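Data block below; observations after.
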Amino acid sequence: MNEIVLNITGMSCGGCVSSVQSVLAALPGVSRVEVDLAAGTARIQFDPACTSVDALAQAVNAAGFTAQPA
């Protein structure tokens, strides 16, 4: 398992946190997601054989937020 922290902009409430967490958790190979509204980050544990950092960021971007590796 790999772990990455993404900086996420555009989150303003608990609903945003839930949305980001849901789209990330739905990706294949993702085993854990922790989203921190105050810090504007998401810490993700994932299997690099199943998904990539680019795919994680693209999923967040498609949900209407902006994600970049920290």
Side-chain angles (χ1 to χ4, degrees):
M1 285 290 164
N2 285 3
E3 182 172 287
I4 187 163
V5 175
L6 295 177
N7 290 323
I8 301 175
T9 56
M11 294 190 302
S12 61
C13 65
C16 296
V17 169
S18 181
S19 293
V20 170
Q21 188 158 351
S22 293
V23 298
L24 289 170
L27 293 173
V30 172
S31 61
R32 185 172 176 192
V33 178
E34 294 176 10
V35 181
D36 185 331
L37 176 62
T41 60
R43 182 178 303 275
I44 306 121
Q45 286 184 346
F46 67 99
D47 181 347
C50 298
T51 193
S52 66
V53 173
D54 285 342
L56 297 170
Q58 287 174 6
V60 173
N61 294 341
F65 305 96
T66 303
Q68 296 180 344

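Hydrogens, waters and symmetry mates play no part in the numbers below; they use all other heavy atoms, side chains included. Because the structure is predicted, anything quoted here is derived from the model rather than measured. We're numbering straight along the sequence, starting at 1.
Pro28 and Cys50 make their closest contact through O-CB, 3.7 Å (heavy atoms, listed as atom of the first residue, atom of the second, distance). In this structure, Gly10 and Cys16 approach most closely via the heavy-atom pair O-SG, 4.2 Å. When all heavy atoms are compared, the tightest approach of Pro48 to Asn2 is CG-ND2, 3.5 Å. Contact detail for Met11 and Gly40: the closest heavy-atom pair is CE-CA, 3.9 Å. The two residues Leu27 and Ala55 have their closest heavy-atom pair at CD1-O, 4.0 Å.
Every residue two or more places apart in sequence or in another chain that forms a side chain to side chain contact (heavy atoms under 4.5 Å, CB included) with Ile4 is listed here: Leu6, Ile44, Phe46, Val53, Leu56, Pro69.
Partner of Val20 under the side-chain contact (heavy atoms from CB on, under 4.5 Å) criterion, out of Leu37, Val33, Val35: Val35 alone.
Shown here is Gln68, whose CD atom has no more than 12 heavy atoms of other residues, nucleotides or ligands within 6.0 Å.
For residues 3-26, the set of pairs meeting the salt bridge (Lys or Arg N to Asp or Glu O under 4.0 Å) definition, not counting sequence neighbours, comprises Glu3-Arg43.
Atom OG1 of Thr66 is separated from atom CG of Asn61 by 5.5 Å, given to the nearest 0.5 angstrom. Between atom CD1 of residue Ile8 and atom CG of residue Asp36 there is a gap of 10.0 Å, rounded to the nearest 0.5 Å.
One N or O on the side chain of Ser22 and one on the backbone of Ser18 form a donor-acceptor pair closer than 3.5 Å.
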